[in-house]
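Chain A is the first sequence line, chain B the second, and so forth, proteins listed ahead of strands; every chain is numbered from 1.
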2 protein chains.
Amino acid sequence: MVNGEKYVSEEARQAVEEAIAQVGYVRNSAARNLVKQESRAIGLIIHEPHSLLFEDPNIGSILLGANEVLSKADYQLVSLIIDSDRDSRRVADYLRGGLVDGAVIISARASDPIAAAVAEIGLPAAFVGHPDGTPDLPYAAINNEEAARNITGRLLGTGRQRVGMIASALDRDSGQDRLAGFRAAMGGKFDPALVVEYPLYTYAAGLEGMQELLRREPAIDGVFAASDAVAAGAMTALQEAGRRVPEDVGIVGFDDSSWALRCRPQLSTVRQPADLLGSTAAELVLAQLNGLPGTPRVLDTTIMWRGSA
Amino acid sequence: MVNGEKYVSEEARQAVEEAIAQVGYVRNSAARNLVKQESRAIGLIIHEPHSLLFEDPNIGSILLGANEVLSKADYQLVSLIIDSDRDSRRVADYLRGGLVDGAVIISARASDPIAAAVAEIGLPAAFVGHPDGTPDLPYAAINNEEAARNITGRLLGTGRQRVGMIASALDRDSGQDRLAGFRAAMGGKFDPALVVEYPLYTYAAGLEGMQELLRREPAIDGVFAASDAVAAGAMTALQEAGRRVPEDVGIVGFDDSSWALRCRPQLSTVRQPADLLGSTAAELVLAQLNGLPGTPRVLDTTIMWRGSA
DNA sequence: TTGTAAGCGTTATCAT
DNA sequence: ATGATAACGCTTACAA
């Protein structure tokens, strides 16, 4: 009897399995999520100005870094991009709706609506970077001010007399802090006339910015560009203007992105561990999911000294 | 009585609204999706080799293009990246689970597991590009073979005698087709010794590839690089070897990405409408969601003739 | 108009 | 062990 039963259930199992394969049964995640009250998905919110999605190689690294740790913990990373106010609302609804268990927010600006929404609904989340004016959430960041101060100091150490800066993205913490660091390193030598500002970290900003700087001060002999892309543009402008790098003017950047090795001479720059930034932020979210505090982390940067200064 | 009822319900409504605001009620999307049998989300699967996420500016454009049309139709675009076999399985489960109503697949390779899974579960989907060996799904693509043939022809038209190619990504349709186009344009002049192959569309591939080509044939006077990034690397190698571009050797690329304008001289290249590719693929998915056929579309490319050849 | 109940596809609990 | 049943939070159709 027991045997019989077993036998029958064996047969039934096979039949069922066959039926499953033929009918193509797949369990419905919406139903599963509903009853389990979790989705095992983490949202990653990308809120970049249009052009940066193409020019900034950091975001790819951040993404991959976050994906790696989430994948290991068996969470699905879902990236949500915000490119309009409409997107902003829809994404907020998406996060609110319980479709994700947590979120990592990259490149938030002061008073970011998404960050506010996340905080309001109490979703476990973490920033990459830590803009002020945003809710009190843990973050993974670097010390932009310190790094900028260090590399500017190093540039000054090569004996430059008239050094300027091409600042960018002043609406974000990274942009602000890099400028602050530059200013601090310059001390009494700081001259507001030698800093130009552009909204985005782009090659074009570097190109124009350097031309403007050259116009304002032909004797300029050092430049700190707010990012490698900017530095690359500046180098082109310099070379087209007949200045030799680094003999006539020394130039340093920030990021150590693929731009740096691509320049001739190669860029002296600040290396920031973009992939670590992503993975650390992801860990911060995971920690909160496990009831742990999730304390902010600031990661180390190092100076990569190459040929451009 | 009726008045009384109304009054009460008014009061109740206010109370409820207040309670909602205080308690922070938000409706649960899982439950909604369950009953409505739809998620109003579309997945975008990114299956790029690690390094390309940083070097290929096309994918950002594709993403933005897709997001724009989906956003207008009130669909949430969710990007899922695949960076390991584990990711591959998890993403397949995600798609199967009914968490998205459709999918656009970019940079699929022959016999892509995700593409197979999508086809198997009958999810409305579209490719960007159309690798062969993949299931019969609509796609948005360009004619890589034709475009490569045209620009190679144009290069030949400048009187070059010994022209080579730096081919890349031969595991994908784009890579294969660009090589085929080159070969077709060369006709009897085609010399297998003058084509080098690299796995990825990268700056590094261009750098090394050009050095190798120079070694094999010092008299080389023309090069077709499989992408702008590759062309940029090739140009650097050429200039470091003391060759003038375009006087000594002419060089053409493919993509018209931001690389093209960044080179000195600027690159002659094939412009492909990456954002349109994304938006068209998204439209193809939307069409299927509305019960329409969703027929493949091949978009036009144009030659941007600049200073490099 | 307002309210009530059934049902979506799971999981988990509690009898059998 | 195995099977029936409630519950997850929402929408919708139908009754009052």
For DNA chain D, the dot-bracket pattern of Watson-Crick and G-U pairs whose distances stay under 3.5 Å, | for other-strand partners: ||||||||||||||.|
Considering residues at least two apart in sequence or located in another chain, which fulfil the side-chain hydrogen bond (donor to acceptor under 3.5 Å, both in side chains) criterion with [X]?
X	value
A/Arg172	A/Glu48
A/Asp173	none
A/Asn28	none
A/Ser174	A/Tyr201

Would you please name every residue forming a ring pair (Phe, Tyr, Trp, His ring centres under 6.0 Å) with B/His47, sequence neighbours left out? none
Check ring pair (Phe, Tyr, Trp, His ring centres under 6.0 Å) between A/Tyr75 and all other residues, then give those that pass, not counting sequence neighbours. none
Residues from residues 28-42 of chain A lying under 4.0 Å of DNA chain C - heavy atoms: A/Asn28, A/Ala31, A/Arg32, A/Val35, A/Lys36
Going by heavy atoms closer than 4.0 Å, what residues in residues 94-101 of chain A are next to DNA chain C? none
Atom pairs and distances, side-chain donor-acceptor, residues 91-99 of chain B, under 3.5 Å, sequence neighbours left out:
from    : atom 1 : to      : atom 2 : distance (Å)
B/Asp93 : OD1    : B/Arg96 : NH2    : 3.4
B/Tyr94 : OH     : A/Tyr94 : OH     : 3.4

Looking at residues at least two apart in the chain, or sitting in another chain, which of them share a side chain to side chain contact (heavy atoms under 4.5 Å, CB included) with B/Lys36? B/Arg32, B/Glu38
Atom CZ of B/Arg27 and atom P of C/dC8 are separated, to the nearest Å, by 21 Å
If a pair satisfies side-chain hydrogen bond (donor to acceptor under 3.5 Å, both in side chains) and one of its residues is in residues 287-299 of chain A, list it, with sequence neighbours excluded. none
Determine, for A/Asp255 against A/Arg271, whether the closest basic-nitrogen to carboxylate-oxygen distance falls under 4.0 angstrom. no
